[in-house]
Amino acid sequence: MKLVAMVGSNRKDSYNMKLASFMQKRYHEKIEIEILPIGQLPFYNQDDELNPPAIVEDIRSKIKKSDGILFATPEYNASISGLMKNAIDWFSRVDKVMVNKPAMIVGASMGKLGTVKAQMQLRQILNAPGVGTITLPGNEVYVGSVHEKIDGNGNLNDEQTVQFIDSVVDNFINWIEKVGVLNK
């Protein structure tokens with residue numbers, strides 16, 4: 001099973017990138033996760049959507065070929081990042097490659113609530129016409145106080161958090177298998 005991941009932070013020491021990378025390593029025997037370089041995308045411009053840059057076509061192809069999408073979102077001013085929104089805008093136009101793709105959302109922040117507000121907004125955006133991903137219900141991953149739960153190597157070391165993410169990933173894999181049958 002192949003997932004692509006969109007990480008909404010391009011900060012050098014991004015906790016959400018560390019979370020996505022941790023998941024990539026931890027679950028490599030169950031799923032392949034490719035972290036997409038959405039930070040390299042130009043700003044979305046409708047004038048360019050019919051003749052997009054090569055990076056847009058490359059990422060679009062990877063999303064299309066994937067079995068699902070992992071969104072790792074930070075929370076900026078009670079919202080998703082511009083980086084995440086820009087990527088969604090590119091891939092929800094022309095060849096709408098996210099429509100009916102199973103999606104899982106995770107998020108990490110230093111605050112106690114994790115990325116609750118950003119994830120609520122992201123779920124709303126992902127449900128919009130043209131985007132149309134199918135998000136896994138009831139399996140929300142909010143890693144709050146992440147700076148206390150991650151080591152210098154980017155590994156989550158809070159056993160309760162790791163066990164919870166383990167169960168959500170298993171649920172997501174099982175769900176993709178069921179949704180995949182529905183979409184054939």
Any side-chain heavy atom of [X] within less than 4.5 Å of one from [Y]?
X	Y	result
K18	L156	no
M104	L3	no
I69	L126	no
W90	P53	yes
I59	P37	yes

Looking only at non-hydrogen atoms, find the nearest pair between [X] and [Y] and report the distance.
X	Y	answer
A87	F91	O-CD1, 2.9 Å
P52	L50	CD-C, 3.5 Å
V146	M110	CG1-N, 4.1 Å
A108	L19	CB-CD2, 4.1 Å
R123	L136	NH1-O, 3.8 Å
Y27	D166	OH-OD1, 2.7 Å

Quick one: do [X] and [Y] end up in the same hydrophobic cluster if we chain Ile, Leu, Val, Met, Phe, Trp and Tyr together by side-chain heavy atoms under 4.5 Å apart?
X	Y	result
M6	V169	no
I88	L70	no
V162	M23	yes
I176	I31	yes
F172	V106	yes

If we ignore hydrogens and angles and just use 3.5 Å, is the side chain of [X] paired with the main-chain N or O of [Y] as donor and acceptor?
X	Y	value
S14	R11	no
N155	F22	no
N127	I125	no
K149	G144	yes
N45	D47	yes

Surrounding [atom1] of [X] (heavy atoms of other residues, nucleotides or ligands, distance under 6.0 Å), is the total greater than 12?
X	atom1	value
Q124	CD	no
K25	NZ	yes
K2	NZ	yes
E159	CD	yes

(Q) Tell me every residue that passes salt bridge (charged side-chain N to carboxylate O under 4.0 Å, His left out) with D48, counting only those two or more places apart in sequence or in another chain. (A) none
Point-to-point distance, once rounded to the nearest 0.5 Å, from [atom1] of [X] to [atom2] of [Y]:
X	Y	atom1	atom2	value
I38	F71	CD1	CZ	8.5 Å
I173	M1	CD1	CE	6.0 Å
T115	I105	OG1	CD1	8.5 Å
T133	L122	OG1	CG	7.5 Å
S92	E49	OG	CD	9.0 Å
I134	N100	CD1	CG	4.5 Å

Q: Could you walk me through whether L36 and I63 pass side chain to side chain contact (heavy atoms under 4.5 Å, CB included), step by step?
A: CA-CA 9 Å; L36 301 173; I63 294 169; 3.8 Å; yes
Q. In terms of ring plane angle, is the pair H147 and Y15 parallel, tilted or perpendicular, where the classes change at 30° and 60°?
A. tilted
Q. Hey, mind stepping through V141 and V143 against side chain to side chain contact (heavy atoms under 4.5 Å, CB included) and telling me if it holds?
A. CA-CA 6 Å; V141 178; V143 183; 4.0 Å; yes
Q. Going by side-chain heavy atoms closer than 4.5 Å, which hydrophobic residues are tied to V116, directly or by a chain of links?
A. L113, M120, Y142
Let me have the donor-acceptor pairs involving side chains of residues 77-84, under 3.5 Å, with sequence neighbours excluded, atom names and distances please.
{"unit_1": "S79", "atom_1": "OG", "unit_2": "Q121", "atom_2": "OE1", "d": "2.5"}
{"unit_1": "S79", "atom_1": "OG", "unit_2": "Q121", "atom_2": "NE2", "d": "3.4"}
{"unit_1": "S81", "atom_1": "OG", "unit_2": "G8", "atom_2": "O", "d": "2.6"}
{"unit_1": "S81", "atom_1": "OG", "unit_2": "M84", "atom_2": "N", "d": "3.1"}

